Amino acid sequence: MTLPLSSSVTTAHGPHGFLHSTGFVIARNLAVVLAVVFWLGLAFWVYKDARRRMRDPFLVFVATLVGLGLPFIGPIVYLLFRPSETLEDVRSRRIELRALEQQLARSRPSCPVCSSPVEPDYLACPVCMTMLRQACARCNAPLEPLWQMCPYCATPLEPSQVDLDAALAAEAKTIALVDDGIPLMPQAEPRVADA
Ligand SMILES: [Zn+2]
Ligand SMILES: [Zn+2]
């Protein structure tokens with residue numbers, strides 16, 4: 001009578017005993033805890049990443065819900081649909097663009113007296129009436145102050161027409177306007193020393 005009982009006990013005890021052995025329970029619990037931690041960690045990462053990429057709090061909420069609601073698959077789905085640029089990227093690109101525009105605006109020719117924008121072929125500033133260039137006596141082309149000869153008709157300019165000192169001073173002023181780092185050239189003192 002005792003033999004079959006003991007055998008039935010061992011057969012019932014075999015797999016059951018393995019499932020309830022402390023080593024297996026600890027390993028299983030550890031795996032479950034790790035899986036849960038990994039799941040929550042991924043969901044938290046989705047939340048943080050969504051906040052870096054989306055301005056709308058509702059979209060961040062939806063992304064977090066996807067990351068949390070579909071364990072391990074949600075973050076992959078989020079990766080497929082998230083915006084490619086972070087808000088920081090968008091901001092720095094906008095700042096860069098604005099700096100470039102400002103640089104372009106500064107390098108555009110402007111009147112040395114009133115700083116209003118002028119075209120390269122203007123003879124005078126239309127705002128403050130400052131004479132910017134001489135017109136060629138022969139072909140009426142606008143001449144740069146430093147030119148010794150008209151490049152359009154090859155007429156040499158008369159020395160009286162070329163005021164080199166004034167031209168250099170104007171040039172220095174324009175450079176100083178374009179780049180504040182370059183100081184204005186000293187103009188008065190050398191001239192006094194020459195005379
Ligand atoms: Zn002007
Ligand atoms: Zn000319």
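Atoms within a ligand are numbered from 1 in the order they appear, just like the ligands themselves. On a predicted model such as this, the values are computed, not experimentally measured, just so you know.
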Determine which pairs satisfy salt bridge (Lys or Arg N to Asp or Glu O under 4.0 Å) with at least one residue from residues 119-141, sequence neighbours left out, and list them in order.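 Qualifying pairs, neighbours excluded: R133-E144.
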
N, O or S atoms of the protein lying under 2.8 Å from the Zn ion (ligand 2):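 Metal shell, protein only: C136 SG, C139 SG, C150 SG, C153 SG.
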
Regarding R91 and E88, does a basic nitrogen lie under 4.0 Å from an acidic carboxylate oxygen?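 Here R91 pairs with E88 in a salt bridge, since their nearest N and O are under 4.0 Å apart.
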
Grab the two heavy atoms, one from P126 and one from V118, that are nearest each other, plus how far apart they are.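 Reported closest heavy-atom pair: CD-CG1, 4.2 Å.
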
Of the non-hydrogen atoms in L132 and P112, which two are nearest, and what is the gap between them?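 Nearest pair, atom of L132 first, then P112: CD2-CD, 3.6 Å.
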
Less than 2.8 Å away from the Zn ion (ligand 1), how many protein N/O/S atoms can be counted, ignoring water?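 For the Zn ion (ligand 1), protein nitrogen, oxygen or sulfur atoms under 2.8 Å: 4.
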
Atom OH of Y47 and atom OH of Y78: how far apart are they, to the nearest 0.5 Å?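 Rounded to the nearest 0.5 Å, the OH-OH separation comes out at 12.0 Å.
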
Under 4.5 Å between side-chain heavy atoms, hopping through other hydrophobics if needed: is there a path connecting L42 to V66?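 Per the 4.5 Å side-chain linkage, L42 and V66 are not co-clustered.
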
When you measure from the side chain of R52 to the backbone N and O of T86, does any donor-acceptor pair fall under 3.5 Å?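 No, because the side chain of R52 does not come within donor-acceptor range (under 3.5 Å) of the backbone of T86.
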
Do L40 and F44 come close enough that some side-chain heavy atom pair is under 4.5 Å?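 A side-chain contact is absent here, since even the closest heavy-atom pair is not under 4.5 Å.
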
Could you work out, with side chain to side chain contact (heavy atoms under 4.5 Å, CB included) as the rule, every residue matching S92, not counting sequence neighbours?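 With neighbours one apart ignored, the set is empty.
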
